[in-house]
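Whatever order the structure lists ligands and atoms in, that order sets their numbers, starting from 1. On a predicted model such as this, the values are computed, not experimentally measured, just so you know.
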Amino acid sequence: MALTIGIPCESGAGETRVALIPSIAERMLKSVDGIKFLVEAGAGDTAFHSDADFEDAGCQIADREAVFGADLVAKVGPPSGEEIAMMREGQVVAGFLRPLDEPGLARSLAEKGVTSLAMELVPRISRAQKMDALSAMSSLGGYRATIVAADRLPKFFPLLTTAAGTIRPANVLVLGAGVAGLQAIATAKRLGAKVFGYDIRDATREEIESLGAKFVELEIDVGDQEDEGGYARELEREKQERQPELLQPHIADADVVITTALIPGRPAPLLIREEAVEAMAPGSVIVDLAAPNGGNCAYTRTGETIVEHGVTILGPTNLPADMPVHASQLYAKTITSLIEAFVDDGTFTPDFDDEIFDGACLTHDGAVHNERVRDMLSQEA
Ligand code: NAD
């Protein structure tokens, strides 16, 4: 008996990505014994992969019921209530499951008896790099944020010397220099802007400078804010309050501000206050990639684009979905690498002695496996 892996049409609003692409399916079918892909009719349409392409790669096109009846369901976004209702005890689901942002979903999956793997929880260790969907998507988001900003800015990014006069390069400030921020910096540099970067983790200074951008120094001693997982720790309250004030003059000088500052499982830190927006030149642009977690800018409205004091403020929630071809390619590679690691002779084999499985597992055997999510749920109760 082969392990069936279902690939559904994504149900999230505005989602264009798909969890598998034909070339990766073809490779995996050759290299892993005892697996079978059931792809829902039309699942790849928005990512420009037709049902015929999937069939040519060796996948079977199936209806929604069959796909959600597969042994393992591989998704991009979290399953909806209706999708969870279609699943059965003992099944496996993998995808972005928003464990720290929507812990209630973990409860529903546990109640259903589904084993779930959250791409957000894959540990950031070298062995799991090819399974790191967060980094892959952040990189796309950072690139796209700069492109969107350049599109909205009523100015050039590069320095131009023309017979009609000289154009000064745009000033781009990137707040938060993790994976998304560094990609935003690199993209803005390539477009010719003068780029500045800021973060609270020590390691980022060198990374920002190595991309040719200038590190913004604030008179605030943040110490080393990096935790064991490479993520930032939340600043103490007093420093949190000083940060926006000290950033204000740098924000006022910028034509574009791209913000990406996040602390896992916490609301996004407030870095741009109303008065900082007011101090910017009209026509300036803010792209707030922290919008889904409340935003780094006081004016940000999640999923909307607004104008305040002449400044355009964008709060996108899913920029990778603007680039479904490469987003699906990279995502498919990460999720299939995770699945492949735990398939043995046509059977999906949970291995809690493996730190990748143990880390990524959100629910198993009717219970919430992840301790942090369990704590969040017990505090809610
Ligand atoms: P993230 O999306 O959680 O946060 C984005 C950035 O916001 C981080 O750089 C963080 O330091 C910064 N930030 C948080 N609070 C801030 C504040 N108040 N002011 C300014 N900046 C603030 O992080 P991410 O991009 O997913 O990852 C962060 C880092 O983790 C990476 O840059 C890398 O060093 C590490 N990482 C390691 C691996 C690996 O080892 N496999 C993989 C991916 C990432």
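Judged by the shortest distance from any of its heavy atoms, Leu134 lies outside the 4.0 Å radius around the atoms of ligand 1. Ligand 1 has no atom lying under 4.0 Å from any heavy atom of Ser138. The closest approach between any non-hydrogen atom of Gly181 and ligand 1 is not below 4.0 Å.
Less than 4.0 angstrom separates some heavy atom of Pro269 from each of these atoms of ligand 1: 15 (N), 18 (N). Within ligand 1, the atoms closer than 4.0 Å to a non-hydrogen atom of Ala232 are 10 (C), 11 (O), 14 (C), numbered from 1 in the order shown.
In this pair, Phe215 and Tyr198 present their aromatic rings tilted. The plane angle is within the 30 to 60° band.
At a heavy-atom distance under 4.0 Å, only side-chain atoms of Gln129, from C-beta outward, approach ligand 1. Residue-level proximity to ligand 1 for Asp132 is carried by the side chain, the only part with a heavy atom below 4.0 angstrom. Contact annotation: for Ala177 versus ligand 1, heavy atoms closer than 4.0 Å belong to the backbone alone.
Residues Ile84 and Pro79 meet the side-chain proximity criterion, which asks for heavy atoms closer than 4.5 Å. Contact annotation: the side chain of Lys75 approaches that of Pro8 to within less than 4.5 Å [non-hydrogen atoms, C-beta and beyond].
When Glu207, Arg124, Lys239, Met131 are ranked by how near their heavy atoms come to atom 27 (O) of ligand 1, first place goes to Arg124. Nearest residue to atom 15 (N) of ligand 1 from Leu289, Ile263, Thr204 is Ile263 (criterion: closest heavy atom). One option in Gln183, Lys130, Arg201, Met137 has a heavy atom closer to atom 33 (C) of ligand 1 than any other, and that option is Arg201.
Formation of a donor-acceptor pair under 3.5 Å by the Thr363 side chain with backbone atoms of Val114 is found in this model. Judged purely by atom type and a 3.5 angstrom limit, Thr300 has no side-chain atom pairing as donor or acceptor with the backbone of Gly295. Between the Ser50 side chain and the Asp53 main chain, a donor and an acceptor come within less than 3.5 Å of each other.
Salt-bridge check for Glu219 with Arg242: failed, with every basic side-chain N at 4.0 Å or more from each acidic carboxylate O.
Judged by distance alone, the side chains of Ser11 and Glu83 do bring a donor and an acceptor atom under 3.5 Å apart. Neither side chain, Asp255 nor Ser284, offers a donor N or O lying under 3.5 Å from an acceptor on the other. No hydrogens or angles considered: a donor-acceptor pair under 3.5 Å links the side chains of Glu15 and Asn318.
Nearest non-hydrogen protein atom to atom 5 (C) of ligand 1 is Thr260 O, 3.3 Å. Among all protein heavy atoms, the one lying closest to atom 12 (C) of ligand 1 is Asp199 OD2, 3.2 Å. For atom 25 (O) of ligand 1, the closest non-hydrogen atom of the protein is Val179 N, 2.7 Å. Among protein heavy atoms, the minimum distance from atom 30 (O) of ligand 1 is reached at Gly230 O, 3.2 Å. Summary of contacts: the protein heavy atom closest to atom 1 (P) of ligand 1 is Leu262 CB, 4.1 Å. Protein heavy atom in closest approach to atom 13 (N) of ligand 1: Ala261 CB, 3.8 Å.
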Task: Criterion side chain to side chain contact (heavy atoms under 4.5 Å, CB included) on Tyr231 and Arg201, from CA distance to verdict - done: CA-CA 8 Å; Tyr231 290 107; Arg201 286 181 301 113; over 6 Å; no
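No N or O atom of Tyr231 sits closer than 3.5 Å to an N or O atom of ligand 1. Between Gln243 and ligand 1, a contact under 3.5 Å exists for at least one N or O pair. At under 3.5 Å, not a single nitrogen or oxygen of Pro264, backbone or side chain, sits near a nitrogen or oxygen of ligand 1. At under 3.5 Å, not a single nitrogen or oxygen of Ser135, backbone or side chain, sits near a nitrogen or oxygen of ligand 1.
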Side-chain donor-acceptor contacts of residues 343-351 below 3.5 Å, not counting sequence neighbours, with atom names and distances?
| from | atom 1 | to | atom 2 | distance (Å) |
| --- | --- | --- | --- | --- |
| Thr349 | OG1 | Thr347 | O | 3.3 |
| Asp351 | OD1 | Asp353 | N | 3.0 |
| Asp351 | OD1 | Asp354 | N | 3.4 |

Which pairs of donor and acceptor atoms, one on a side chain in residues 168-181, lie under 3.5 Å apart (sequence neighbours left out)?
| from | atom 1 | to | atom 2 | distance (Å) |
| --- | --- | --- | --- | --- |
| Asn171 | ND2 | Asp253 | O | 3.1 |

